[in-house]
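Order of listing sets the numbers, starting from 1, for every ligand and every atom in it. Computation of the quantities below employed the complete heavy-atom set of this structure, encompassing side-chain atoms and omitting hydrogens, waters and symmetry-equivalent molecules. Quick caveat: nothing in here was measured; it's all calculated off a predicted structure.
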Amino acid sequence: MSAPPRSEAPIQWSLLPESATIAKSGHLVVGGVDLVDLAGEVGTPFFAYDEEHLRARCREADRAWGGLDGHPGAAYAAKAFWCTAMARIVAQEGLGADVATGGEMAVALAGGIAPQHITFHGNNKSELELMAALSAGVGRIVVDSFDEISRLEHLLRYGVASGQRQKVLVRVTPGVEAHTHEFVQTGREDSKFGFSLASGAAAQAVDSLKALPGVELAGVHMHIGSQIFLLDAYSKAISAMAAMVGQLSPTELCIGGGLGVAYVNGESAPSITEWAQSVRDACMSSGIGDGVFLSAEPGRAIVATAGITCYTVGTVKDLPGIRTYVAVDGGMSDNPRPVLYGSGYEAFLPREVSASRPCAVRVVGKHCESGDIVVSAAQVPDDIVVGDVIATPVTGAYGYSMASNYNKVPRPPVVFCRAGEAKVVVRRETEEDLLRLDQG
Ligand code: LLP
């Protein structure tokens with residue numbers, strides 16, 4: 001989301017998955033797998049994930065946020081990257097899952113997440129989704145609107161769940177601006193999410209939920225935005241929420257997700273451990289004591305740096321005096337973030353990871369749009385040629401999960417790399433897949 005500082009330097013090591021090494025050949029190796037070889041085996045584009053990195057971040061989140069009576073303090077935010085292989089890792093490493101739709105819940109259950117460790121979100125949950133959540137027995141439903149309260153009341157009184165007692169959190173917008181892109185700010189007063197604290201809507205929602213038979217109001221939830229580097233935004237939001245949390249005690253305060261990650265050379269972000277500590281300190285200073293169960297929903301911070309996308313260069317078009325366009329075999333269909341948010345990325349050649357990158361180019365995709373940009377201001381080695389495998393690191397979050405079939409481009413596969421083995425956990429889409437729903 002910030003303009004990348006340009007330099008000839010090779011890719012910054014901390015932007016690569018944790019297990020990354022360089023083979024004697026100069027190639028990038030992730031999880032013991034040579035990514036140039038992998039490109040030869042599975043074709044491009046593909047998303048490669050370092051499985052140990054994913055597990056390490058889950059474990060860090062588990063340690064940092066703890067738990068209460070067997071309920072995990074950290075729920076991984078499925079929207080960042082979701083498939084059953086990821087859900088299995090999340091379950092094995094002891095985290096819960098935050099799901100925002102019935103679809104994400106279905107994947108969570110298929111991947112073995114215990115229903116009681118699922119938190120069900122959404123600003124417009126359908127009756128069907130609520131029914132599915134109640135019948136699955138999810139741990140928490142995060143209530144987002146008065147209409148949803150009416151729907152819940154109906155279902156709990158007369159529907160699938162009559163007689164059931166469902167834990168809910170009430171989603172509150174604390175009225176705090178996080179320093180991030182407008183489209184991923186969610187805690188402001190002017191927001192489609194949650195109940196406003198300042199207007200009294202949050203207090204009214206609490207009263208309605210307390211009066212609802214079948215509902216156990218387990219606490220409050222806030223989520224102030226995503227890709228946040230400055231932790232003081234959490235402190236401000238926590239201090240705004242303190243009075244309400246105090247009134248509900250004993251209770252749970254879920255502070256949502258949002259921790260930022262470094263995308264380009266020169267950037268750095270707080271760790272999950274630092275984030276949790278800073279939130280705990282902010283709670284203490286706001287008078288929110290140990291009696292309150294603190295929980296969180298990290299997404300990006302768990303998966304972003306574990307993932308890397310590899311493409312093949314198809315054309316190199318030099319426009320003298322203007323710029324050089326390097327076109328790859330993917331684009332806005334596998335990574336819409338540059339188009340949506342102007343996000344910056346790095347590019348490098350996995351065949352020579354430590355090469356300097358003197359050439360300024362624009363890496364673009366294969367879609368029929370001028371805005372189809374993968375890396376707006378990339379630096380690449382000067383020997384880049386058609387046929388090279390080119391990689392963009394830190395694409396593990398909101399890449400595959402936001403991928404589309406625009407221009408009927410099949411979605412790339414997802415490959416988990418670990419201990420020298422490459423496992424395709426989601427296969428590449430085929431043209432047959434693209435026609436599967438077509439009724440002619
Ligand atoms: N909890 C809630 C309620 C959320 O809405 C989100 C993200 C998260 C947790 C996880 O946030 P994270 O830790 O990943 O920042 N597509 C955008 C990001 C949208 C985030 C939406 N909500 C992007 O590519 O930057």
Say whether [X], considering both its backbone and side-chain N or O atoms, lies within less than 3.5 Å of an N or O atom on ligand 1.
X	value
His121	no
Ala301	no
Gly258	yes
His221	no

So Glu127 and Arg151, salt bridge (charged side-chain N to carboxylate O under 4.0 Å, His left out) or not? Walk me through it. CA-CA 7 Å; Glu127 197 162 291; Arg151 252 170 252 167; 5.3 Å; no
Between the main-chain N or O of Glu346 and the side-chain N or O of Thr392, is there a donor-acceptor pair closer than 3.5 Å? no
Pull out every atom of ligand 1 sitting under 4.0 Å from any heavy atom of [X], numbered as shown with elements.
X	value
Gly299	12 (P), 13 (O), 14 (O)
Asp98	1 (N), 2 (C), 9 (C)
Met402	16 (N), 24 (O)

Taking 4.0 Å as the limit for heavy-atom contacts, which would you say applies to [X] with ligand 1: side chain only, backbone only, both, or neither?
X	value
Ile228	neither
Ala77	side chain
Tyr341	side chain
Arg300	both
Arg171	side chain
Glu297	both

Looking at side-chain heavy atoms only, is the closest gap between Trp275 and Tyr234 below 4.5 Å? yes
Just checking, is any N or O donor in the side chain of [X] or [Y] under 3.5 Å from an acceptor N or O on the other one?
X	Y	result
Thr395	Asn335	no
Glu52	Ser19	no
Asp433	Thr430	yes
Glu369	Tyr406	yes

If you take the centroid of each ring, where Trp contributes its six-membered ring, are Phe81 and Tyr398 closer together than 6.0 Å? no
Quick check, are the ring centers of His223 and His121 under 6.0 angstrom apart? no
